[in-house]
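The structure that follows is given in the form of structure tokens.
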Amino acid sequence: MLWKNGVELEVYPQETGTHSLKIFAKPFKDKTEQYSRVLEYSLKCSSVDKSTCLPRALIQPVGPSWLSEESGILNALPASPIIHTDDGRCIVTFTRSKNLDLFATQDSDTSTVPDWKTRGEMAFHDGLSRTQQILLAIFCFPLLPFYLCYLCFAKSKEKEGKPDTLDQKKEENFEEVNGQPKFTADQTDVKNSDGHHPDVLYDDPYQGEQVTVEIHPRHSTPEIENKGSFRKDDHVTVEIHPRQMTPQMEYKALFGKGVKIFPSVMGQENQGFQDDGEEKPSLGEQYLFAYPWDKSSLKSMPVDLRQFKKLDAYAAKVSTRSNVEGLVSVLLQEAHSDLEKVRAIWIWICHHIEYDVKAYHNEALRRCEPSDVLRSGKGVCAGYSGLFEKMCSIAGIECKTLSGFSKGYSYKIGKILKDTDHAWNAVYLDGKWHLLDCTWGSGNMDESCTRFTFRYDEFYFLTHPALFISEHLPKDHQWQLLKPALTLQQFEHNLRYNSDFYTIGLVAASPQTSVIETENGKATVLIESRSPTLFLGDLNGVKENCLIMLQKNGVELEVYPQETGTHSLKIFAKSSNDKTEQYSRVLEYSLKCSSVDKSTYLPRALIQPVGPSWLSEESGILNALPASPVIHTDDGRCIVTFTRSKDLNFFATLDSDTSTVPESTRRRHVWRTCRGSQVELKIHLPHAGDFALHIWTKKMSDAGANHCALSYVLSCQNESVQWPHFPQNYTNWEDGFELVAPLAGVLPADREVEFKLRLPGVTEVSVECGKKHKLALSGDGFWEGACHTSGASKVTVEISKNATTFWSLLEYKVEMH
């Protein structure tokens with residue numbers, strides 16, 4: 001059974017035991033016969049379903065689908081691919097596309113009836129062409145006198161025992177509801193396996209009398225009745241099968257081509273249907289969705305938003321406001337299926353009804369009648385949902401208004417919910433109930449609840465119930481549409497996931513409760529995402545005391561409150577493809593801290609995120625080590641290594657909130673060595689404390705500014721640490737050069753100092769220390785030698801590549817006595 005975006009495959013083994021199930025597939029556009037094996041299962045069968053036997057002659061796929069629509073068969077019913085019939089009769093209806101020839105066959109593995117005869121047992125109810133009608137009239141005209149005599153004889157027999165008036169008969173057999181026929185006497189409840197009525201069945205003891213059929217064509221409202229007259233495009237077939245009548249005696253009212261069903265029975269496919277008071281089946285297992293969410297889809301039914309592009313644009317521009325019925329009539333000119341009708345109504349309300357902020361604060365100002373909401377263009381949640389229900393009713397869609405508890409504009413974590421405070425809707429589509437919220441789909445209020453802003457939110461249209469429950473708890477628990485259902489206490493304690501959380505591409509978070517506690521002064525939050533996402537943490541309104549560590553499919557966030565008590569933790573996110581600076585708040589926790597971790601301090605200068613991640617790799621820093629974003633060092637020294645991408649310029653800074661060492665000097669506490677694409681950073685901290693190491697990058701071809709590609713936190717608690725900075729290197733220092741000794745930029749006075757450097761491509765090296773000392777090239781490629789610092793204030797290393805011109809490469813200071 002093909003879906004729009006997939007397939008459902010049912011397997012019925014005919015023997016018990018272990019079977020091999022292989023599934024093959026190919027793109028629809030592939031016109032070859034070549035399928036590729038994509039899945040394989042080992043299927044264990046403990047019992048055989050003897051009630052289901054699929055004929056070997058069955059051609060796959062089965063049932064209505066996008067493939068049958070591609071072939072010209074539209075709106076096919078029944079929707080189920082299997083039709084169970086007790087009396088051996090059934091009806092299949094569909095709309096065929098223009099200039100489509102078709103025929104049907106009944107195939108069987110066991111039947112002995114010839115194929116030509118089974119074709120004769122099927123009847124196509126289709127209109128005849130004008131030529132066919134003329135020919136039929138010519139051939140049938142000689143039989144007309146005999147037919148009239150038969151009708152007169154049959155009519156005289158049937159008058160015996162009949163009611164005195166036609167009105168008596170009408171009162172016995174059906175009543176009028178909203179100007180439409182509704183059968184009430186002896187109406188049966190025969191349904192196909194998909195829940196639809198195969199035809200309209202009723203007892204008519206007075207056969208032969210006039211039957212009135214009232215039909216509302218596709219683009220009309222209930223007030224515009226059409227009795228017995230049809231537009232050119234409205235083709236209707238109605239079949240009435242009295243119970244005791246044989247197929248040969250069936251009365252058929254044929255009006256052109258195509259098939260429609262009585263509105264009172266199949267209202268979901270007819271414009272003029274309104275809710276006639278009949279209850280849908282009670283919410284059973286077939287209506288429920290699994291909880292928690294399976295992370296498959298944000299919607300409760302397959303929806304391709306691209307197909308709505310034209311309809312959405314049309315509905316958003318409709319300006320009719322004279323009355324609700326007229327508005328619906330205009331909207332449905334471009335909406336044909338039930339889903340399209342619901343979509344058009346939803347789009348119009350979300351783009352034209354403004355939330356009434358004044359009425360929100362003053363109940364006396366609230367006007368929730370659909371006509372009032374339409375006229376004023378404003379309403380609170382009850383007005384939104386009431387208008388939506390009214391418009392759906394006019395359009396022939398079963399809809400309900402639900403009330404319950406919400407985590408909306410004024411909700412605060414820890415709030416005890418006592419009274420219901422919100423209303424939304426449920427609509428019946430494709431055999432299931434689905435949830436939506438026009439109020440929240442239209443826009444939002446600010447934090448102070450004083451100003452409303454139109455901001456269309458697709459998330460609240462046919463939202464998956466397992467996601468909808470995060471912010472909506474209906475008073476009647478069955479309208480959660482979930483298995484299992486949640487209690488009010490669970491709803492209060494659970495973490496709130498707003499629409500931005502899911503629309504950005506996030507799928508889950510832990511902890512799942514809105515109130516969390518620190519453990520040893522630290523709290524950890526994990527968030528899972530479908531794609532690379534950027535995050536920010538906010539503790540009590542300040543973006544500090546949080547470590548954000550990006551992962552390929554999410555983030556790990558560590559929080560270190562600096563005071564005990566209750567704190568507010570807010571998490572913001574945006575897609576990595578979003579080039580703006582705008583982050584959306586996606587989660588909020590209430591954080592209880594019983595103790596402070598004094599060993600961990602995060603510098604305010606720290607740039608998030610920290611540690612190696614997909615973001616640092618995108619910036620050209622690959623395979624960075626250490627993997628941990630926090631480096632603890634006892635002696636104040638550490639090393640960071642990574643592979644840099646081609647043509648990448650970079651530099652590093654060492655930042656601190658408390659250090660008195662100038663920023664330019666702190667930079668000289670980081671020494672870089674490049675060997676091809678491999679980079680090594682040596683860090684010697686100037687003193688104990690907590691520092692932020694930032695590595696800034698920019699591609700050589702990029703005209704923009706440098707940006708921070710990788711951050712680390714360096715922590716040293718050893719108060720005796722006091723490393724000097726590295727020597728001053730000049731622009732002649734090239735990638736590939738390596739300094740082994742001395743690393744300290746300040747040399748001891750009156751001391752013999754050993755030098756060792758690797759300098760590829762250099763022909764001569766000397767050390768200027770009062771007088772020049774040449775270094776010798778060793779067998780392993782290092783320039784080595786020594787000089788005495790007596791009487792010198794500085795020492796300079798000079799190089800030459802042609803033995804005639806020398807350049808200063810490094811400069812050291814000498815300690816003063």
Side-chain angles (χ1 to χ4, degrees), residues 631-641 651-656 659-675 679-691 693 695 712 714-759 762 765-776 778 781-799 807-817:
I631 303 175
H632 294 279
T633 171
D634 292 329
D635 64 0
R637 295 182 296 177
C638 63
I639 293 177
V640 172
T641 64
F651 65 91
T653 60
L654 194 62
D655 302 306
S656 171
S659 178
T660 59
V661 178
E663 191 271 339
S664 58
T665 304
R666 288 200 304 268
R667 287 198 184 192
R668 292 180 57 186
H669 283 265
V670 181
W671 184 263
R672 65 181 246 179
T673 301
C674 301
R675 304 179 186 91
V679 177
E680 178 185 86
L681 298 181
K682 291 186 176 73
I683 301 99
H684 290 181
L685 298 179
H687 52 73
D690 298 285
F691 296 82
L693 173 67
I695 303 175
Y712 283 97
L714 311 182
S715 180
C716 177
Q717 305 304 317
N718 186 350
E719 295 295 338
S720 64
V721 166
Q722 194 172 3
W723 288 100
H725 55 71
F726 291 100
Q728 175 70 51
N729 63 327
Y730 292 99
T731 55
N732 295 312
W733 185 270
E734 301 176 4
D735 288 350
F737 288 2
E738 179 181 355
L739 173 64
V740 178
L743 292 176
V746 180
L747 302 178
D750 299 328
R751 195 75 64 85
E752 182 94 358
V753 179
E754 296 290 336
F755 285 82
K756 184 176 182 179
L757 304 94
R758 185 189 296 274
L759 305 170
V762 173
V765 181
S766 63
V767 177
E768 182 67 37
C769 182
K771 61 178 181 179
K772 186 174 292 188
H773 301 269
K774 289 187 177 182
L775 304 184
S778 65
F782 286 96
W783 292 93
E784 300 180 65
C787 78
H788 201 282
T789 60
S790 176
S793 61
K794 67 177 182 179
V795 175
T796 305
V797 177
E798 297 178 343
I799 63 170
W807 299 275
S808 296
L809 186 66
L810 299 174
E811 182 177 294
Y812 294 84
K813 298 295 184 182
V814 178
E815 290 179 343
M816 302 297 292
H817 289 289

- request: Compare all side-chain heavy atoms of Leu714 with those of Arg637 and state whether any distance is below 4.5 angstrom.
  value: no
Asn718 (side chain) donor-acceptor with Asp634 (main chain) under 3.5 angstrom: yes
- prompt: Distance-only, no hydrogens or angles: does the Tyr712 side chain make a donor-acceptor pair with backbone N or O of Val640 under 3.5 Å?
  reply: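 No; zero donor-acceptor contacts below 3.5 Å.
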task: For side chain to side chain contact (heavy atoms under 4.5 Å, CB included), just list the numbers for Thr796 and Lys772, CA-CA rounded to whole Å, side-chain angles, deciding distance to a tenth of an Å, and then say yes or no.
output: CA-CA 9 Å; Thr796 305; Lys772 186 174 292 188; over 6 Å; no
- prompt: Relative to the ring of His684, is the ring of Trp723 parallel (under 30°), tilted (30 to 60°) or perpendicular (over 60°)?
  reply: tilted
- line: Here the pair of heavy atoms bringing Pro742 nearest to Tyr812 is O-OH, 2.7 Å
query: For Ile639, which residues count as a side chain to side chain contact (heavy atoms under 4.5 Å, CB included) partner, sequence neighbours excluded?
result: Thr641, Glu680, Lys682
field: Atom pair CG (Leu747) and CD (Glu815), whose distance is rounded to the nearest 0.5 Å
entry: 8.5 Å
- prompt: Side chains of Glu754 and Val740: closer than 4.5 Å at any heavy-atom pair?
  reply: no
query: For the atom pair CG (Leu809) and OG1 (Thr731), what is the distance rounded to the nearest 0.5 Å?
result: 9.5 Å
field: For His687 against Ser659, the heavy-atom pair lying closest together
entry: NE2-OG, 2.8 Å
- request: Give a yes or no on this: more than 12 heavy atoms of other residues, nucleotides or ligands lie within 6.0 Å of atom CD of Gln722.
  value: no
task: Could you tell me which residues satisfy salt bridge (charged side-chain N to carboxylate O under 4.0 Å, His left out) with Arg758, sequence neighbours excluded, listed by chain and number?
output: Glu738
Derivation of the side chain to side chain contact (heavy atoms under 4.5 Å, CB included) call for Leu810 and Phe755: CA-CA 12 Å; Leu810 299 174; Phe755 285 82; over 6 Å; no
message: Could you walk me through whether Val767 and Val753 satisfy the side chain to side chain contact (heavy atoms under 4.5 Å, CB included) test, starting with their C-alpha distance in whole Å, then the side-chain angles of each, then the deciding distance to 0.1 Å, before giving a yes or no?
response: CA-CA 11 Å; Val767 177; Val753 179; over 6 Å; no
- prompt: If we only count heavy atoms from C-beta on, is the Val762 to Leu757 side-chain gap below 4.5 Å?
  reply: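 A side-chain contact under 4.5 Å is absent here.
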- prompt: To the nearest 0.5 Å, how far apart are OG in Ser793 and CE in Met816?
  reply: 7.5 Å
query: Any idea how Phe737 and Trp733 line up, ring-wise: parallel (<30°), tilted (30 to 60°), or perpendicular (>60°)?
result: perpendicular
- prompt: Arg666 and Leu654: which non-hydrogen atoms are nearest, and at how many Å?
  reply: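 Arg666 and Leu654 have their closest heavy atoms at NE-O, 2.7 Å.
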- prompt: Where is the tightest heavy-atom contact between Pro724 and Ala744, given as atom of each residue plus distance?
  reply: CG-CB, 3.7 Å
field: Pairwise distance CZ(Arg668) to CG(Asn729) - rounded to 0.5 angstrom
entry: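 Reported to 0.5 Å precision, the distance equals 8.5 Å.
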Student check: side-chain heavy atoms of Leu693 and Ile631 closer than 4.5 Å: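 A side-chain contact under 4.5 Å is absent here.
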Can I get a per-line list of side-chain donor-acceptor pairs under 3.5 Å for residues 783-790, giving both atom names and the distance, sequence neighbours left out?
unit_1: Glu784; atom_1: OE2; unit_2: Ser778; atom_2: OG; d: 3.2
unit_1: His788; atom_1: ND1; unit_2: Ser790; atom_2: N; d: 3.1
unit_1: Thr789; atom_1: OG1; unit_2: Pro748; atom_2: O; d: 2.7
unit_1: Thr789; atom_1: OG1; unit_2: Asp750; atom_2: N; d: 2.9
unit_1: Thr789; atom_1: OG1; unit_2: Arg751; atom_2: N; d: 2.9
unit_1: Thr789; atom_1: OG1; unit_2: Arg751; atom_2: O; d: 3.3
unit_1: Ser790; atom_1: OG; unit_2: Asp750; atom_2: OD1; d: 3.4

- prompt: Roughly how far, to the nearest 0.5 Å, is CZ of Arg667 from OG1 of Thr653?
  reply: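 Thr653 atom OG1 to Arg667 atom CZ measures 6.0 Å (nearest 0.5 Å).
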query: How are the rings of Phe726 and Trp671 set relative to one another: parallel (under 30°), tilted (30 to 60°) or perpendicular (over 60°)?
result: tilted
task: Compute whether any side-chain donor of one residue and acceptor of the other, for Ser766 and Glu768, lie under 3.5 angstrom apart.
output: no
- request: Applying side chain to side chain contact (heavy atoms under 4.5 Å, CB included), run through Thr633 and Leu685 and close with a yes or a no.
  value: CA-CA 10 Å; Thr633 171; Leu685 298 179; 4.1 Å; yes
- prompt: Which heavy atom in Leu739 sits nearest to a heavy atom in Leu743, and how many Å separate them?
  reply: O-CD2, 3.7 Å
query: Do Leu759 and Ile799 touch side chain to side chain, with heavy atoms closer than 4.5 Å?
result: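 Yes, at least one pair of side-chain atoms sits under 4.5 Å.
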task: For residues His669 and Thr665, report the shortest heavy-atom separation together with the two atoms involved.
output: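 Closest approach of His669 to Thr665, heavy atoms only: CD2-O, 3.3 Å.
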